[in-house]
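Here's the structure, in C-alpha coordinates; my notes come after.
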There are 2 protein chains.
Amino acid sequence: MPRSTVPPESKRTRAAHPSPELAPASAARERLAAWIAEKGLKATRQRDVIVDTFFSQTGHLSVDDLLNKVQARDANIGAATVYRTMKILTDAGLASARHFFDGQTRYEAALDRHHHDHLICTRCHAIVEFENERIEALQDAVARQHGFVVTRHKLELYGLCRACQTLQNPPR
Amino acid sequence: MPRSTVPPESKRTRAAHPSPELAPASAARERLAAWIAEKGLKATRQRDVIVDTFFSQTGHLSVDDLLNKVQARDANIGAATVYRTMKILTDAGLASARHFFDGQTRYEAALDRHHHDHLICTRCHAIVEFENERIEALQDAVARQHGFVVTRHKLELYGLCRACQTLQNPPR
DNA sequence: TTGAGATTGAGACTGATTCTCAATTTCGAT
DNA sequence: ATCGAAATTGAGAATCAGTCTCAATCTCAA
Ligand SMILES: [Mn+2]
Ligand SMILES: [Mn+2]
Ligand SMILES: [Zn+2]
Ligand SMILES: [Zn+2]
(Lines give C-alpha, C1' and ligand atoms only; values in the text may rest on other atoms or scores of the structure.)
(Ligands and ions follow the chains in the order given, each with its own letter.)
Protein backbone atom coordinates (compact mmCIF):
# COMPACT_ATOMS: atom_id res chain seq x y z
CA MET A 1 0.00 0.00 0.00
CA PRO A 2 2.34 2.77 -1.17
CA ARG A 3 1.44 6.33 -0.28
CA SER A 4 1.40 7.94 -3.66
CA THR A 5 1.69 11.65 -2.81
CA VAL A 6 4.23 11.39 -0.04
CA PRO A 7 7.90 11.48 -1.06
CA PRO A 8 9.60 8.15 -0.38
CA GLU A 9 11.50 9.10 2.74
CA SER A 10 13.05 12.22 4.16
CA LYS A 11 16.63 13.01 3.18
CA ARG A 12 17.17 14.47 6.60
CA THR A 13 19.04 12.56 9.20
CA ARG A 14 16.81 13.56 12.05
CA ALA A 15 13.98 11.10 11.96
CA ALA A 16 11.54 13.08 14.11
CA HIS A 17 10.00 15.40 11.53
CA PRO A 18 10.60 14.55 7.86
CA SER A 19 9.86 18.10 6.68
CA PRO A 20 8.03 21.10 8.07
CA GLU A 21 4.90 20.77 5.89
CA LEU A 22 4.71 17.04 6.21
CA ALA A 23 5.02 16.99 9.98
CA PRO A 24 1.35 17.72 10.70
CA ALA A 25 0.16 15.13 8.22
CA SER A 26 2.38 12.38 9.57
CA ALA A 27 1.67 13.36 13.15
CA ALA A 28 -2.01 13.19 12.31
CA ARG A 29 -1.51 9.76 10.79
CA GLU A 30 0.07 8.58 14.02
CA ARG A 31 -2.63 10.07 16.17
CA LEU A 32 -5.28 8.54 13.99
CA ALA A 33 -3.59 5.13 14.21
CA ALA A 34 -3.69 5.41 17.99
CA TRP A 35 -7.33 6.39 17.92
CA ILE A 36 -8.18 3.55 15.57
CA ALA A 37 -6.41 1.04 17.82
CA GLU A 38 -8.06 2.45 20.94
CA LYS A 39 -11.54 2.29 19.46
CA GLY A 40 -11.29 -1.08 17.78
CA LEU A 41 -11.61 0.45 14.35
CA LYS A 42 -9.65 -0.71 11.35
CA ALA A 43 -7.07 0.95 9.16
CA THR A 44 -8.09 1.21 5.53
CA ARG A 45 -6.60 2.50 2.33
CA GLN A 46 -9.52 4.90 1.91
CA ARG A 47 -8.95 6.50 5.29
CA ASP A 48 -5.28 6.92 4.54
CA VAL A 49 -6.04 8.70 1.28
CA ILE A 50 -8.63 10.95 2.88
CA VAL A 51 -6.44 11.85 5.84
CA ASP A 52 -3.42 12.52 3.64
CA THR A 53 -5.50 14.68 1.35
CA PHE A 54 -7.08 16.58 4.19
CA PHE A 55 -3.83 17.35 5.97
CA SER A 56 -2.06 18.37 2.78
CA GLN A 57 -4.53 21.26 2.59
CA THR A 58 -4.81 24.35 4.74
CA GLY A 59 -7.84 26.39 5.59
CA HIS A 60 -11.49 25.54 5.91
CA LEU A 61 -12.36 22.82 3.48
CA SER A 62 -15.88 21.85 2.53
CA VAL A 63 -16.63 18.16 2.32
CA ASP A 64 -17.36 18.56 -1.35
CA ASP A 65 -13.98 20.17 -2.05
CA LEU A 66 -12.31 17.46 -0.06
CA LEU A 67 -14.24 14.77 -1.90
CA ASN A 68 -13.09 16.16 -5.23
CA LYS A 69 -9.46 16.17 -4.18
CA VAL A 70 -9.79 12.69 -2.72
CA GLN A 71 -11.38 11.35 -5.89
CA ALA A 72 -8.58 12.89 -7.94
CA ARG A 73 -6.32 10.44 -6.13
CA ASP A 74 -8.71 7.53 -6.07
CA ALA A 75 -11.87 7.86 -8.08
CA ASN A 76 -13.48 4.91 -6.32
CA ILE A 77 -13.69 6.52 -2.90
CA GLY A 78 -17.27 7.48 -2.18
CA ALA A 79 -18.78 10.52 -0.55
CA ALA A 80 -20.13 8.51 2.36
CA THR A 81 -16.63 7.41 3.28
CA VAL A 82 -15.37 10.97 3.27
CA TYR A 83 -18.20 12.02 5.54
CA ARG A 84 -17.56 9.08 7.82
CA THR A 85 -13.84 9.66 7.96
CA MET A 86 -14.12 13.35 8.75
CA LYS A 87 -16.41 12.45 11.60
CA ILE A 88 -13.78 10.10 12.94
CA LEU A 89 -11.10 12.76 12.65
CA THR A 90 -13.36 15.12 14.54
CA ASP A 91 -14.00 12.59 17.29
CA ALA A 92 -10.27 11.99 17.51
CA GLY A 93 -9.64 15.71 17.94
CA LEU A 94 -7.67 15.98 14.71
CA ALA A 95 -10.17 18.10 12.81
CA SER A 96 -12.89 20.54 13.72
CA ALA A 97 -16.15 21.02 11.93
CA ARG A 98 -17.25 24.58 11.20
CA HIS A 99 -20.50 25.98 9.93
CA PHE A 100 -20.24 29.39 8.33
CA PHE A 101 -22.51 31.32 5.99
CA ASP A 102 -23.71 28.50 3.76
CA GLY A 103 -25.22 25.16 4.62
CA GLN A 104 -22.01 23.24 4.19
CA THR A 105 -19.86 21.77 6.90
CA ARG A 106 -16.24 22.82 6.58
CA TYR A 107 -13.35 21.12 8.31
CA GLU A 108 -10.06 22.52 9.46
CA ALA A 109 -7.08 20.76 10.99
CA ALA A 110 -7.21 20.83 14.77
CA LEU A 111 -3.91 19.20 15.67
CA ASP A 112 -1.72 21.51 17.76
CA ARG A 113 -4.01 24.42 17.12
CA HIS A 114 -5.40 26.89 19.60
CA HIS A 115 -9.03 27.76 19.82
CA HIS A 116 -9.76 30.67 17.53
CA ASP A 117 -12.62 32.56 15.97
CA HIS A 118 -13.29 33.85 12.47
CA LEU A 119 -13.74 36.96 10.40
CA ILE A 120 -15.60 36.18 7.18
CA CYS A 121 -15.88 38.33 4.10
CA THR A 122 -19.42 38.11 2.79
CA ARG A 123 -18.30 39.06 -0.70
CA CYS A 124 -15.18 37.01 -1.50
CA HIS A 125 -15.64 34.47 1.32
CA ALA A 126 -12.17 35.04 2.67
CA ILE A 127 -11.81 33.70 6.19
CA VAL A 128 -9.39 35.29 8.65
CA GLU A 129 -8.70 33.72 12.01
CA PHE A 130 -8.17 35.56 15.25
CA GLU A 131 -7.71 34.94 18.94
CA ASN A 132 -8.72 37.45 21.56
CA GLU A 133 -8.36 36.45 25.17
CA ARG A 134 -10.18 39.57 26.37
CA ILE A 135 -13.28 38.60 24.44
CA GLU A 136 -12.99 35.07 25.76
CA ALA A 137 -12.70 36.35 29.32
CA LEU A 138 -15.75 38.58 28.89
CA GLN A 139 -17.71 35.67 27.48
CA ASP A 140 -16.88 33.62 30.54
CA ALA A 141 -17.91 36.50 32.77
CA VAL A 142 -21.24 36.88 30.98
CA ALA A 143 -21.90 33.17 31.22
CA ARG A 144 -21.08 33.15 34.90
CA GLN A 145 -23.46 36.04 35.52
CA HIS A 146 -26.21 33.92 34.04
CA GLY A 147 -25.25 30.76 35.89
CA PHE A 148 -24.02 28.98 32.80
CA VAL A 149 -20.95 26.82 32.48
CA VAL A 150 -19.86 27.28 28.89
CA THR A 151 -18.20 24.42 27.05
CA ARG A 152 -17.87 25.92 23.61
CA HIS A 153 -18.81 28.99 21.72
CA LYS A 154 -19.15 30.34 18.24
CA LEU A 155 -18.02 33.83 17.35
CA GLU A 156 -18.14 34.84 13.73
CA LEU A 157 -17.75 38.38 12.42
CA TYR A 158 -19.22 38.92 8.96
CA GLY A 159 -18.39 41.89 6.78
CA LEU A 160 -16.13 43.06 4.00
CA CYS A 161 -12.42 42.40 3.88
CA ARG A 162 -10.10 45.23 2.95
CA ALA A 163 -9.97 44.28 -0.71
CA CYS A 164 -13.72 43.98 -1.08
CA GLN A 165 -14.47 47.31 0.56
CA THR A 166 -13.10 49.22 -2.41
CA LEU A 167 -15.09 47.27 -4.98
CA GLN A 168 -18.55 48.61 -5.56
CA ASN A 169 -19.96 45.48 -7.13
CA PRO A 170 -22.92 44.19 -5.18
CA PRO A 171 -21.59 42.02 -2.36
CA ARG A 172 -22.68 38.45 -2.82
CA MET B 1 -61.94 36.62 11.84
CA PRO B 2 -61.78 36.57 15.66
CA ARG B 3 -58.38 36.11 17.20
CA SER B 4 -58.96 33.08 19.35
CA THR B 5 -56.01 33.22 21.75
CA VAL B 6 -56.17 36.93 22.42
CA PRO B 7 -58.48 38.17 25.22
CA PRO B 8 -61.55 40.02 23.78
CA GLU B 9 -60.57 43.61 24.48
CA SER B 10 -58.56 45.44 27.06
CA LYS B 11 -60.39 46.82 30.09
CA ARG B 12 -58.12 49.86 30.01
CA THR B 13 -59.44 53.21 28.90
CA ARG B 14 -56.35 54.44 27.10
CA ALA B 15 -56.86 53.54 23.49
CA ALA B 16 -53.26 53.90 22.31
CA HIS B 17 -52.06 50.50 23.44
CA PRO B 18 -54.82 48.00 24.16
CA SER B 19 -52.62 46.09 26.61
CA PRO B 20 -48.90 45.73 27.16
CA GLU B 21 -48.67 42.29 25.53
CA LEU B 22 -50.79 43.24 22.59
CA ALA B 23 -48.87 46.36 21.73
CA PRO B 24 -46.07 44.59 19.86
CA ALA B 25 -48.47 42.50 17.84
CA SER B 26 -50.59 45.42 16.73
CA ALA B 27 -47.54 47.60 16.13
CA ALA B 28 -46.15 44.78 14.04
CA ARG B 29 -49.38 44.59 12.10
CA GLU B 30 -49.12 48.28 11.33
CA ARG B 31 -45.50 48.06 10.30
CA LEU B 32 -46.25 45.10 8.12
CA ALA B 33 -49.12 46.95 6.45
CA ALA B 34 -46.73 49.79 5.66
CA TRP B 35 -44.17 47.38 4.27
CA ILE B 36 -46.81 45.63 2.16
CA ALA B 37 -48.00 48.95 0.74
CA GLU B 38 -44.46 50.10 0.06
CA LYS B 39 -43.51 46.94 -1.77
CA GLY B 40 -46.69 46.47 -3.77
CA LEU B 41 -47.54 43.30 -1.93
CA LYS B 42 -51.03 42.37 -0.89
CA ALA B 43 -52.67 41.84 2.46
CA THR B 44 -54.05 38.36 2.96
CA ARG B 45 -55.91 36.48 5.64
CA GLN B 46 -53.07 33.92 5.84
CA ARG B 47 -50.47 36.57 6.55
CA ASP B 48 -52.65 38.06 9.25
CA VAL B 49 -53.01 34.72 10.97
CA ILE B 50 -49.31 33.97 10.76
CA VAL B 51 -48.26 37.39 12.00
CA ASP B 52 -50.76 37.34 14.86
CA THR B 53 -49.63 33.89 15.87
CA PHE B 54 -45.97 34.77 15.66
CA PHE B 55 -46.26 37.93 17.74
CA SER B 56 -48.43 36.29 20.36
CA GLN B 57 -45.44 34.09 21.16
CA THR B 58 -42.17 34.97 22.80
CA GLY B 59 -38.78 33.43 22.35
CA HIS B 60 -37.12 31.68 19.47
CA LEU B 61 -39.69 29.82 17.49
CA SER B 62 -38.92 27.19 14.91
CA VAL B 63 -40.88 27.31 11.69
CA ASP B 64 -42.33 23.95 12.49
CA ASP B 65 -43.60 25.08 15.90
CA LEU B 66 -45.02 28.18 14.31
CA LEU B 67 -46.67 26.14 11.58
CA ASN B 68 -48.36 23.95 14.16
CA LYS B 69 -49.74 26.92 16.04
CA VAL B 70 -50.84 28.56 12.82
CA GLN B 71 -52.61 25.43 11.66
CA ALA B 72 -54.36 25.18 15.01
CA ARG B 73 -56.06 28.42 14.01
CA ASP B 74 -56.49 27.66 10.35
CA ALA B 75 -55.71 24.15 9.22
CA ASN B 76 -55.62 25.16 5.58
CA ILE B 77 -52.56 27.37 5.82
CA GLY B 78 -49.63 25.61 4.26
CA ALA B 79 -45.99 25.38 5.27
CA ALA B 80 -44.81 27.27 2.20
CA THR B 81 -46.88 30.27 3.20
CA VAL B 82 -45.39 30.28 6.68
CA TYR B 83 -41.89 30.15 5.23
CA ARG B 84 -42.75 32.92 2.79
CA THR B 85 -44.35 35.11 5.41
CA MET B 86 -41.48 34.80 7.87
CA LYS B 87 -39.14 35.85 5.10
CA ILE B 88 -41.25 38.93 4.52
CA LEU B 89 -41.26 39.75 8.23
CA THR B 90 -37.50 39.41 8.22
CA ASP B 91 -37.11 41.68 5.21
CA ALA B 92 -39.39 44.18 6.90
CA GLY B 93 -37.22 44.13 10.01
CA LEU B 94 -39.98 42.72 12.19
CA ALA B 95 -38.41 39.34 12.82
CA SER B 96 -34.90 37.94 12.85
CA ALA B 97 -33.85 34.51 11.74
CA ARG B 98 -31.50 32.57 14.03
CA HIS B 99 -29.61 29.36 13.54
CA PHE B 100 -28.61 27.58 16.70
CA PHE B 101 -27.58 24.02 17.47
CA ASP B 102 -29.91 22.14 15.15
CA GLY B 103 -30.57 22.56 11.47
CA GLN B 104 -33.75 24.56 11.94
CA THR B 105 -34.26 28.25 11.42
CA ARG B 106 -35.80 29.93 14.42
CA TYR B 107 -37.42 33.33 14.38
CA GLU B 108 -37.69 35.91 17.11
CA ALA B 109 -39.52 39.22 17.14
CA ALA B 110 -37.25 42.08 16.15
CA LEU B 111 -39.52 45.06 16.64
CA ASP B 112 -38.10 47.55 19.15
CA ARG B 113 -35.43 45.10 20.18
CA HIS B 114 -31.73 45.71 20.60
CA HIS B 115 -29.09 43.54 19.08
CA HIS B 116 -28.26 40.75 21.49
CA ASP B 117 -26.44 37.45 21.66
CA HIS B 118 -27.33 34.08 23.17
CA LEU B 119 -26.39 31.59 25.83
CA ILE B 120 -27.71 28.15 24.96
CA CYS B 121 -28.05 25.16 27.24
CA THR B 122 -27.00 22.06 25.34
CA ARG B 123 -29.07 19.86 27.62
CA CYS B 124 -32.47 21.51 28.03
CA HIS B 125 -32.12 23.89 25.09
CA ALA B 126 -32.90 26.93 27.21
CA ILE B 127 -31.86 30.14 25.50
CA VAL B 128 -30.79 33.17 27.52
CA GLU B 129 -30.18 36.51 25.86
CA PHE B 130 -27.49 38.98 26.77
CA GLU B 131 -25.99 42.22 25.61
CA ASN B 132 -22.40 43.17 26.28
CA GLU B 133 -21.11 46.36 24.78
CA ARG B 134 -17.55 45.61 25.83
CA ILE B 135 -17.54 42.43 23.79
CA GLU B 136 -19.07 44.31 20.87
CA ALA B 137 -16.38 46.99 21.13
CA LEU B 138 -13.62 44.40 21.19
CA GLN B 139 -15.11 42.69 18.18
CA ASP B 140 -15.00 45.96 16.28
CA ALA B 141 -11.41 46.49 17.34
CA VAL B 142 -10.41 43.02 16.17
CA ALA B 143 -12.15 43.53 12.85
CA ARG B 144 -10.46 46.89 12.36
CA GLN B 145 -7.06 45.36 13.07
CA HIS B 146 -7.68 42.96 10.22
CA GLY B 147 -9.02 45.61 7.85
CA PHE B 148 -12.57 44.30 7.97
CA VAL B 149 -15.75 46.33 8.17
CA VAL B 150 -18.15 44.13 10.06
CA THR B 151 -21.84 44.26 9.28
CA ARG B 152 -23.12 41.52 11.52
CA HIS B 153 -21.86 38.87 13.85
CA LYS B 154 -22.89 35.72 15.56
CA LEU B 155 -21.92 35.02 19.15
CA GLU B 156 -23.35 31.95 20.79
CA LEU B 157 -22.18 30.47 24.08
CA TYR B 158 -23.05 26.81 24.52
CA GLY B 159 -22.98 25.04 27.84
CA LEU B 160 -25.13 24.00 30.78
CA CYS B 161 -27.63 26.27 32.45
CA ARG B 162 -27.73 26.39 36.23
CA ALA B 163 -30.50 23.81 36.50
CA CYS B 164 -28.84 21.34 34.17
CA GLN B 165 -25.47 21.50 35.90
CA THR B 166 -26.78 19.64 38.92
CA LEU B 167 -28.34 16.82 36.92
CA GLN B 168 -25.97 14.04 36.05
CA ASN B 169 -28.00 12.62 33.18
CA PRO B 170 -26.04 12.60 29.98
CA PRO B 171 -26.39 16.00 28.38
CA ARG B 172 -28.21 15.73 25.11
C1' DT C 1 -67.35 44.96 -11.33
C1' DT C 2 -63.11 43.89 -13.57
C1' DG C 3 -58.66 42.15 -14.49
C1' DA C 4 -53.67 42.42 -13.96
C1' DG C 5 -50.88 40.86 -10.85
C1' DA C 6 -49.99 38.84 -6.24
C1' DT C 7 -50.79 34.85 -3.35
C1' DT C 8 -51.89 30.32 -2.17
C1' DG C 9 -51.40 25.10 -1.13
C1' DA C 10 -49.91 20.82 -2.77
C1' DG C 11 -46.51 18.45 -4.07
C1' DA C 12 -42.20 18.08 -6.70
C1' DC C 13 -37.64 19.31 -6.10
C1' DT C 14 -33.01 20.50 -4.00
C1' DG C 15 -28.73 19.88 -1.54
C1' DA C 16 -26.35 18.28 2.31
C1' DT C 17 -25.99 14.55 4.99
C1' DT C 18 -27.21 9.96 6.86
C1' DC C 19 -28.78 5.38 6.37
C1' DT C 20 -29.10 0.64 4.40
C1' DC C 21 -27.20 -3.35 2.83
C1' DA C 22 -24.68 -6.66 0.15
C1' DA C 23 -19.96 -7.20 -1.01
C1' DT C 24 -15.33 -6.57 0.49
C1' DT C 25 -11.56 -5.87 3.65
C1' DT C 26 -9.07 -6.07 7.97
C1' DC C 27 -6.56 -8.42 11.51
C1' DG C 28 -6.10 -11.34 15.61
C1' DA C 29 -6.25 -16.02 16.30
C1' DT C 30 -5.32 -20.32 14.50
C1' DA D 1 -0.81 -18.63 5.29
C1' DT D 2 -5.68 -19.33 6.48
C1' DC D 3 -9.96 -18.40 8.89
C1' DG D 4 -13.70 -15.84 10.18
C1' DA D 5 -15.94 -12.35 13.13
C1' DA D 6 -16.37 -7.75 12.88
C1' DA D 7 -15.56 -3.43 10.57
C1' DT D 8 -15.73 -0.97 6.30
C1' DT D 9 -17.07 0.16 1.82
C1' DG D 10 -19.81 2.35 -2.25
C1' DA D 11 -24.14 2.96 -4.34
C1' DG D 12 -28.21 4.45 -3.96
C1' DA D 13 -32.31 5.18 -1.06
C1' DA D 14 -33.89 7.97 2.60
C1' DT D 15 -34.17 12.14 5.35
C1' DC D 16 -34.88 16.83 6.39
C1' DA D 17 -35.35 21.76 6.02
C1' DG D 18 -36.34 24.69 2.81
C1' DT D 19 -37.51 26.31 -2.07
C1' DC D 20 -39.80 26.06 -6.39
C1' DT D 21 -43.66 25.25 -9.70
C1' DC D 22 -48.09 25.91 -11.18
C1' DA D 23 -52.97 25.98 -11.55
C1' DA D 24 -56.53 27.94 -8.81
C1' DT D 25 -57.78 31.79 -6.01
C1' DC D 26 -57.61 36.28 -4.07
C1' DT D 27 -56.68 41.35 -3.79
C1' DC D 28 -57.37 45.99 -4.90
C1' DA D 29 -56.99 50.10 -7.88
C1' DA D 30 -59.43 51.65 -11.57
MN1 LIG E 1 -10.27 28.38 11.56
MN1 LIG F 1 -32.84 36.27 20.95
ZN1 LIG G 1 -13.54 39.91 0.54
ZN1 LIG H 1 -30.44 23.51 30.72
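Lettering follows sequence order; numbering is per chain, from 1. Quantities reported herein were computed from a predicted structural model and do not represent experimental measurements.
Although no hydrogens or angles enter the test, the distance criterion places no donor-acceptor pair under 3.5 Å between the side chain of A:Thr90 and the main chain of A:Ser96. Formation of a donor-acceptor pair under 3.5 Å by the A:Arg106 side chain with backbone atoms of A:Gly59 is not found in this model.
The phosphate of C:dA6 has neither OP1 nor OP2 within less than 4.0 Å of any side-chain N or O from B:Thr44. A sub-4.0 Å separation between OP1 or OP2 of C:dT18 and a side-chain N or O of A:Tyr83 is absent. Residue A:Thr105 has no polar side-chain atom (N or O) positioned under 4.0 Å from OP1 or OP2 of C:dA16.
Residues B:Asp91 and B:Lys39 fail the side-chain proximity criterion, which asks for heavy atoms closer than 4.5 Å.
Side-chain proximity of B:Ala80 to the nucleotides D:dA7, D:dG18, D:dC20 is greatest for D:dC20. When distances run from any side-chain atom of B:Lys87 to the nucleotides D:dG18, C:dT8, D:dA11, the shortest one goes to D:dG18. Which of C:dA6, C:dT8, D:dT8 sits closest to the side chain of B:Lys42 comes down to C:dA6.
Taking atom CZ on A:Arg47 and atom P on D:dA7, their separation rounds to 11 Å, with Å as the unit. Straight-line distance from the CG atom of A:Leu41 to the C1' atom of D:dT8: 10 Å, rounded to whole Å. Rounded to a whole Å, the CD atom of B:Gln46 is 11 Å from the P atom of C:dA10. In this structure, B:Gln104 places its CD atom 13 Å from P of D:dT19, rounding to the nearest Å. Nucleotide C:dA16 holds its P atom 8 Å from the CG atom of A:Asp102, rounded to whole Å. Straight-line distance from the CG atom of A:Asp74 to the C1' atom of D:dT9: 12 Å, rounded to whole Å. To the nearest angstrom, C1' of C:dA6 lies 15 Å from CZ of B:Arg45. For the pair A:Leu67 CG and D:dT9 P, the interatomic distance rounds to 14 Å; values are reported in whole Å.
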Verdict with supporting geometry, A:Leu32 and A:Ile36, side-chain contact (heavy atoms from CB on, under 4.5 Å): CA-CA 6 Å; A:Leu32 179 62; A:Ile36 281 178; 3.9 Å; yes
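Sequence order on DNA chain C of the closest nucleotides to B:Ile77 and B:Gly40 puts B:Gly40 first from the 5' end. The 5' end of DNA chain C is approached more closely, in terms of each residue's nearest nucleotide, by A:Asp64 than by the other of A:Asp64 and A:Arg84. Both B:Arg106 and A:Asn76 sit near DNA chain D, but only A:Asn76 has its closest nucleotide nearer the 5' end.
Remark: the A:His60 side chain and the A:Glu129 side chain contain an N/O donor-acceptor pair separated by less than 3.5 Å.
The residue B:Ala43 sits close only to the backbone: its heavy atoms come under 4.0 Å of sugar-phosphate atoms, none of a base.
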